Amino acid sequence: MLLEAHDLGYRYSGKHPWLLRHVSFSIEPGETVGLVGPSGCGKSTLARLLAGYERPQEGRVTLGGQPLPKSGYRPVQLVFQHPEKAVNPRWTMKRTLGEGGEPDPSLLADLGIEAAWLERWPNELSGGELQRFCVARALGPQTRMLIADEMTTMLDAITQAQIWQAVMERARRQRMGVLVISHEHRLVERLCSRIIELGGDRA
Ligand code: ADP
Ligand code: MG
């Protein structure tokens, strides 16, 4: 489904100035787009607006021409840099995965998730292993759009490549849009057909 940002404006409450202003773009189903910009320009904030975790003060986000659903499964899924902040430490990995619906065994295999890890607790996995679970959870059958906010920044090159290969394969099959937010220009250029620059004069 087409994801559209219509003239978004966002400022944190209090005395903060506008962080995002007049931000408009769209991402087609099956399209992979990069989002780059200097640190602090609002990329992660924009990611949260696109996934529906925050509401913009100006403009709107639509998916397939409709506002994002207010409850239930989020069709725009967000994966960010630190997986340990995205999981409940008191849930086993099996339960964590269950949040996104029944996991598809072939997806788990593509992501290199071993069956034995399902019984573990988050603190019994490495950062890279934990991130694979966060990616698997985000790639449920109802996901229309994945926002990867520095998703593989902390990982070694081999793990990074394996995760991206699984994500791109799934995105192609589900005609899912992907927004790649990363400061690694080589990664963005390799994966994306188009790049949006945020911050500076071109916001
Ligand atoms: P980026 O991901 O591009 O580095 P962020 O969206 O994380 O940028 O942050 C953009 C700006 O908003 C930064 O100056 C940051 O300090 C500020 N910011 C982030 N979260 C909050 C918050 N909850 N309250 C106030 N300011 C915030
Ligand atoms: Mg950020």
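Predicted, not measured: the structure shown is a model, and the values here were computed from it. In each ligand, atom 1 is the first atom listed, and ligand 1 is the first ligand listed.
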- Query: Would Gln160 and Thr152 count as having a side-chain donor-acceptor pair, cut-off 3.5 Å?
  - Reply: yes

- Side-chain H-bond candidate by donor/acceptor type, His183 with Ser39, under 3.5 Å: no

- Every N, O or S from the protein that is nearer than 2.8 Å to the Mg ion (ligand 2):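 The answer is Ser44 OG.
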
- Should the pair Arg21 and Tyr10 be classed as cation-pi, given the thresholds of under 6.0 Å to the six-membered ring centre and 45° from the axis? no

Are [X] and [Y] packed together at the side-chain level, in the sense that at least one heavy-atom pair is separated by less than 4.5 angstrom?
X     : Y      : value
Gln77 : Ile147 : no
Asn88 : Thr96  : no
Cys41 : Glu197 : no

- Message: With a 4.5 Å cut-off on side-chain heavy-atom distances among I, L, V, M, F, W and Y, is there a chain of contacts connecting Val135 to Met154?
- Response: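 Per the 4.5 Å side-chain linkage, Val135 and Met154 are not co-clustered.
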
- Run through ligand 1 for me and note each protein residue having a heavy atom under 4.0 Å from it, chain first, then residue number. Tyr12, His16, Leu19, Pro38, Ser39, Gly40, Cys41, Gly42, Lys43, Ser44, Thr45

- Where the side chain of Lys43 meets the backbone of Asp149, is there a donor-acceptor pair that is under 3.5 Å apart? no

- Dump the intermediate steps for side-chain contact (heavy atoms from CB on, under 4.5 Å) on Val61 and His6, then the final yes or no. CA-CA 6 Å; Val61 176; His6 305 266; over 6 Å; no

